[in-house]
J.: 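Dropping the structure in here first, questions after.
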Amino acid sequence: MRVRGGSVTTEASGAGDAGSVSITTPLLAVSNRGELRASTRGSGVGGDVALQVRELEMTGGASIAARSTGASDAGSISIEADDSVRLTN
């Protein structure tokens with residue numbers, strides 16, 4: 001799976017909880033400021049980002065985020081990579 005300059009996101013902006021981003025794939029390549037994100041801006045709890053891959057490549061300003069700008073906690077980020085993780089900016 002390739003994310004080039006786009007995003008895979010879930011967000012809550014009110015009282016409800018954010019969903020989660022869960023990706024299972026042999027190769028995940030995120031580039032050109034691509035983003036994987038779960039966030040909340042309200043009182044709901046932020047979602048999780050869970051990656052289960054063989055290889056992960058993050059290049060060109062790509063990011064993974066679980067964040068909260070509201071009153072509740074952000075979710076978590078988990079990465080299970082069976083072979084390799086390559087991070088370059």
Side-chain angles (χ1 to χ4, degrees):
M1 176 180 178
R2 297 191 182 275
V3 179
R4 293 183 183 137
S7 62
V8 178
T9 64
T10 180
E11 182 174 315
S13 59
D17 295 345
S20 293
V21 173
S22 179
I23 298 173
T24 301
T25 185
L27 169 65
L28 177 58
V30 185
S31 62
N32 298 335
R33 298 195 179 273
E35 181 180 36
L36 308 175
R37 175 175 40 97
S39 62
T40 180
R41 294 185 290 140
S43 60
V45 176
D48 300 325
V49 177
L51 307 177
Q52 186 173 5
V53 299
R54 185 170 16 115
E55 298 175 59
L56 174 63
E57 297 176 4
M58 303 284 294
T59 61
S63 64
I64 301 172
R67 63 181 167 222
S68 172
T69 56
S72 291
D73 294 334
S76 63
I77 297 171
S78 66
I79 300 170
E80 184 177 325
D82 294 335
D83 192 19
S84 64
V85 175
R86 188 176 127 224
L87 308 172
T88 57
N89 207 2

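This one's a predicted model, so the numbers in the text were calculated from it and none came from an experiment.
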J.: Considering only heavy atoms from C-beta outward, does the side chain of Leu51 approach that of Ile64 to under 4.5 Å?
T.: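 With C-beta onward as the side chain, the pair touches.
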
J.: Can you see which heavy atom on Ser72 is nearest to which on Gly44, and at what distance?
T.: CB-O, 3.2 Å

J.: Is it true that atom CG of Asp73 has more than 12 heavy atoms of other residues, nucleotides or ligands lying nearer than 6.0 Å?
T.: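 Incorrect, the count does not exceed 12.
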
J.: Within a strict 4.5 Å, meaning less than it, do heavy atoms of the Leu87 and Thr59 side chains meet?
T.: no

J.: Val49 and Val85: same hydrophobic cluster, using ILVMFWY side-chain contacts below 4.5 Å?
T.: yes

J.: At their closest point, which heavy atom of Ala18 faces which heavy atom of Ala12, and how far apart are they?
T.: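 The answer is N-CB, 3.5 Å.
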
J.: What pair of heavy atoms forms the shortest contact from Ala38 to Asp48, and how long is it?
T.: CB-O, 3.9 Å

J.: Could you grab the distance from atom CG of Leu28 to atom CE of Met1, nearest 0.5 Å is fine?
T.: 6.5 Å

J.: Checking Thr10 side chain against Gly19 main chain: does a donor-acceptor pair fall under 3.5 Å?
T.: yes

J.: Under the salt bridge (charged side-chain N to carboxylate O under 4.0 Å, His left out) definition, can you give me all pairs with a residue in residues 26-47, not counting sequence neighbours?
T.: Glu11-Arg37, Glu11-Arg41, Glu35-Arg37, Glu35-Arg67

J.: Give the minimum heavy-atom separation between Ser43 and Ala15, together with the two atoms involved.
T.: OG-CA, 3.3 Å

J.: Nearest 0.5 angstrom please: Ser63 OG to Asn89 CG, how far?
T.: 10.0 Å

J.: How long is the straight-line distance from CD of Glu80 back to CG of Leu56, given to the nearest 0.5 Å?
T.: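 Reported value, rounded in 0.5 Å steps: 12.5 Å.
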
J.: How does the hydrophobic cluster around Val45 look, that is, which other residues are in it when side-chain heavy atoms under 4.5 Å mark a link?
T.: none

J.: Does a side-chain heavy-atom distance below 4.5 Å link Asp17 with Thr40?
T.: no

J.: With the side chain counted from C-beta on, respond yes when Thr24 and Val53 share a heavy-atom pair under 4.5 Å apart, and no when they do not.
T.: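 No - every pair of side-chain heavy atoms lies 4.5 Å or more apart.
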
J.: Should Leu27 and Ile79 be counted in the same cluster of Ile, Leu, Val, Met, Phe, Trp and Tyr side chains packed under 4.5 Å apart?
T.: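 Different hydrophobic clusters.
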
J.: Rounded at 0.5 Å granularity, tell me how far CD in Glu57 sits from OG in Ser31.
T.: 9.0 Å

